[in-house]
Student: 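Dropping the structure in here first, questions after.
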Amino acid sequence: MSASRVLVLNSGSSSVKYQLLDMTDRSRLAVGLVERIGEETSRLKHSPLATGGAARETTGPIADHEAALKAVAGELAKDGLGLDSPELAAIGHRVVHGGQLFTEPTIVDDAVLAEIERLVPVAPLHNPANLTGLRTARALRPDLPQVAVFDTAFHTTMPESAARYAIDVRTADEHRIRRYGFHGTSHAYVSRATAALLRREPEDVNVIVLHLGNGASASAVRGGRCVDTSMGLTPLEGLVMGTRSGDLDPAVIFHLMRVGGMSADEVDTLLNKRSGLIGLCGDNDMREIRRRIDEGDERARLAFDIYIHRLRKYIGAYYAVLGRVDAVAFTAGVGENAAPVREAAVAGLESLGLAVDGGLNAVRSDAARLISPAGSAVAVAVVPTDEELEIADQTYALVGTGNA
C-alpha cells in the first residue's frame with residue numbers, strides 16, 4: 001500500500017493546528033486545534049471528516065506540545081487514522097523564518113533544527129514554537145520524514161534591490177538584516193490560484209496578493225515569482241495590522257527610548273501588540289470596527305481610513321514595481337470577508353484599471369471569484385487561501401515519489 005497521507009502541523013506558542021490530508025485527491029481526512037497548551041483550561045477540537053462523524057471536543061490540562069501531539073495522535077487513532085498508519089507519508093510543519101538558507105521545503109535533521117534555532121532572534125515569537133513541534137513530532141515518529149515548509153521561502157526570489165535595506169553592508173551581513181517576508185505559503189498558493197481563475201499559467205501572470213488577516217502583508221508576484229513584499233526582517237513591517245504598526249519612521253523607536261524612557265522590550269510590545277488597529281481605536285476585529293463606523297464612531301473611522309490609506313499605497317507601489325498587473329487578489333480573514341475593505345482599497349484607482357462591481361463584491365462565497373466588472377483591464381479577485389494544502393502539496397512533492 002502506497003503512503004499517500006500528509007499530516008500538517010502548525011505549532012504556535014500555546015496551540016497546535018493540524019490537518020490530515022490524502023494527497024491522492026488532496027482531500028481532508030481530519031482537522032483540529034489544540035489551544036491553551038500549558039493551562040488548566042486546555043481544549044482540543046477535532047473533526048473527523050473522513051468518517052463524517054460529529055466533531056469532538058475535550059477540555060482539561062495539556063501540559064506541553066508533546067502532550068498536545070500525543071492527544072492529537074489519540075484522536076486520529078479513534079478514526080483509524082493514527083500516526084502509526086503505514087499510509088502516512090510525512091508530517092509537514094509550518095516554520096515561520098527560514099532566513100536565506102532555506103529556499104524550499106526541507107527534510108528536517110539535526111543540522112536543519114540547529115539553523116532554525118539560530119534564526120530565533122529574528123523570529124522570537126514563532127520559531128521557538130515551530131521548533132518544539134518539530135522536535136516533538138520527530139520523537140513520536142523518528143522513522144517518518146519531517147518536512148519544514150518556510151513562510152519566508154517564497155520570497156527568496158526577490159532581487160537584492162528589493163531585499164536589501166540601505167544600511168551598512170557589513171553590519172547587515174553580520175546580523176543577517178534584510179527583507180525576508182512572511183505568509184509565503186499563502187502568497188504562493190493564492191498567486192497560483194489567481195492565475196488558474198484567469199485560466200492562465202502562473203508564468204504568464206503578474207499578481208498583487210493582499211493577505212489581510214490580523215497579520216497582513218502584500219506581495220508583488222511576477223510570473224509566479226515574488227519580486228517584492230511588505231513584511232521585512234520580521235512580520236512587523238508593512239501594512240497596518242490588527243495589533244502591529246507596520247511601517248513607521250525608525251526614529252520613533254529612538255524617541256520613545258530617549259524621551260519616553262521606554263525600554264527596548266516595552267517598545268517591542270508597543271509596536272507588535274498595542275499598535276495597528278487596536279492601538280488606533282481599541283479593536284482589531286474589522287467586523288467590530290465597521291459596526292462602530294456605522295454608528296458614527298470617529299475613532300473607528302480614522303482607524304479604517306489609515307488602514308485603507310496604507311493598503312492603497314502598497315497597491316500603487318507594487319503596480320509600479322511590476323509594470324503590468326493582471327490581477328489584484330484579496331485573501332485571508334479580512335481580505336476574503338470584508339467587502340468594504342476591498343471596495344475602499346481600489347476606490348480612486350480606476351485610471352490604473354482597478355474597480356469592483358458592487359453586486360459581485362457583496363456576494364459571500366468560499367469559492368475563488370472575480371469581483372471586478374466584466375472587461376476590466378485588471379482583474380480584482382477574492383481567492384480563499386489554503387496554507388495547509390500548500391504545505392501538504394510541498395511536503396508530498398518532496399517525499400511522495402519515494403512512497404509511491
Student: Just by distance, with hydrogens left out, do Asp265 and Ser263 show a side-chain donor and acceptor under 3.5 Å apart?
Tutor: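 Distance-only check fails for Asp265 and Ser263.
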
Student: Does a salt bridge link Lys17 with Glu388, judged by any charged N lying under 4.0 Å from a carboxylate O?
Tutor: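 So Lys17 does not pair with Glu388 through a salt bridge.
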
Student: Between Tyr314 and Tyr318, what is the ring plane arrangement, given parallel below 30°, perpendicular above 60°, and tilted in between?
Tutor: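 Perpendicular, since the angle between the ring planes exceeds 60°.
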
Student: Do Arg291 and Asp285 meet the salt-bridge criterion of a basic N to acidic O distance under 4.0 Å?
Tutor: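 Salt bridge flag = no for Arg291 with Asp285.
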
Student: Can you spot which of Arg192, Arg28, Arg26 makes a salt bridge (Lys or Arg N to Asp or Glu O under 4.0 Å) with Asp386?
Tutor: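 The option that passes is Arg28.
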
Student: Are the side chain of Thr156 and the backbone N or O of Thr152 linked by a donor-acceptor pair below 3.5 Å?
Tutor: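 Side chain of Thr156 to backbone of Thr152: no pair is present.
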
Student: Give, for atom CG of Asp109 and atom CG of Leu113, the distance between the pair rounded to the nearest 0.5 Å.
Tutor: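 Interatomic distance, Asp109 CG to Leu113 CG, rounded to 0.5 Å: 7.5 Å.
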
Student: Please list, chain by chain and in numerical order, all residues satisfying ring pair (Phe, Tyr, Trp, His ring centres under 6.0 Å) with His46, sequence neighbours excluded.
Tutor: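 Here the qualifying residues are Tyr18.
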
Student: What distance do Lys70 atom NZ and Leu83 atom CG have between them, rounded to the nearest 0.5 Å?
Tutor: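 Reported to 0.5 Å precision, the distance equals 11.5 Å.
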
Student: When you measure from the side chain of Asp22 to the backbone of Ser27, do you find a donor-acceptor pair of N or O atoms at a distance under 3.5 Å?
Tutor: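 The answer is no, because no donor-acceptor pair under 3.5 Å joins these two groups.
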
Student: Could you label the plane-to-plane angle of the His155 and His187 rings as parallel, tilted or perpendicular, counting under 30° as parallel and over 60° as perpendicular?
Tutor: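 Because their plane-to-plane angle is over 60°, the rings of His155 and His187 count as perpendicular.
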
Student: I'd like to know if the side chain of Tyr165 reaches the main chain of Leu233, judged simply by a donor and an acceptor atom lying under 3.5 Å from each other, with no hydrogens or angles considered.
Tutor: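 Yes, the answer is positive, given that a donor and an acceptor are paired below the 3.5 Å cut-off.
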
Student: Find the distance between OG1 (Thr385) and NE2 (His211) and round it off to the nearest 0.5 Å.
Tutor: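 If I round to the nearest 0.5 Å, the distance is 6.5 Å.
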
Student: Would you check, one step at a time, whether the test side chain to side chain contact (heavy atoms under 4.5 Å, CB included) holds for Leu134 with Val112?
Tutor: CA-CA 11 Å; Leu134 280 163; Val112 170; over 6 Å; no

Student: Look up atom CG in Leu101 and atom CG in Leu119, then write down how far apart they are to the nearest 0.5 Å.
Tutor: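 Spacing of CG (Leu101) from CG (Leu119) equals 8.5 Å.
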
Student: By the definition side chain to side chain contact (heavy atoms under 4.5 Å, CB included), identify the one residue from Val227, Val205, Thr157 that meets it with Arg222.
Tutor: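 Running side chain to side chain contact (heavy atoms under 4.5 Å, CB included) over Val227, Val205, Thr157 with Arg222 returns exactly one hit, Val227.
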
Student: Could you give the distance from CD1 (Ile208) to OG1 (Thr194), rounded to the nearest 0.5 Å?
Tutor: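 Reported value, rounded in 0.5 Å steps: 11.5 Å.
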
Student: Could you tell me whether the side chains of Arg94 and Asn130 share a donor-acceptor contact shorter than 3.5 Å?
Tutor: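 Note: Arg94 and Asn130 side chains miss the donor-acceptor criterion.
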
Student: Should Glu288 and Arg292 count as an ion pair when the cut-off is N to O under 4.0 Å?
Tutor: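 No, no charged N to carboxylate O under 4.0 Å.
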
Student: So does Asp173 pair up with Arg164, basic N to acidic O under 4.0 Å?
Tutor: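 So Asp173 pairs with Arg164 through a salt bridge.
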
Student: Treating Arg36 as the side-chain partner and Ile62 as the backbone partner, does any N or O pair qualify as donor plus acceptor under 3.5 Å?
Tutor: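 Pair absent, no side-chain N/O of Arg36 close to backbone of Ile62.
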
Student: Under 4.0 Å between a side-chain nitrogen and a carboxylate oxygen: does that hold for Asp247 and Lys313?
Tutor: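 No, no charged N to carboxylate O under 4.0 Å.
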
Student: Decide side chain to side chain contact (heavy atoms under 4.5 Å, CB included) for Leu311 and Val341; before the verdict, give the C-alpha distance in whole Å, the side-chain angles of both, and the deciding distance to 0.1 Å.
Tutor: CA-CA 9 Å; Leu311 186 55; Val341 168; 4.1 Å; yes

Student: Before we go on, tell me: are the rings of His97 and Phe182 under 6.0 Å apart, centre to centre?
Tutor: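 Centroid separation for His97 and Phe182: below 6.0 Å.
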
Student: Taking Arg301 first and then Asp305, would you say they form a salt bridge - that is, a charged N and a carboxylate O separated by under 4.0 Å?
Tutor: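 Between Asp305 and Arg301 there is a salt bridge, with a charged N closer than 4.0 Å to a carboxylate O.
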
Student: So that I can tick it off, tell me whether Arg178 and Glu160 are bridged by a salt bridge, with the cut-off set at under 4.0 angstrom between side-chain N and carboxylate O.
Tutor: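 A salt bridge links Glu160 with Arg178.
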
Student: Is it the case that the side chain of Arg342 and the backbone of Glu336 share a donor-acceptor pair, with hydrogens and angles ignored and the cut-off at 3.5 Å?
Tutor: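 A pair under 3.5 Å: yes.
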
Student: Nearest 0.5 Å, what's the CG-CZ distance between Leu33 and Arg43?
Tutor: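 Going from the CG atom of Leu33 to the CZ atom of Arg43 covers 7.5 Å.
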
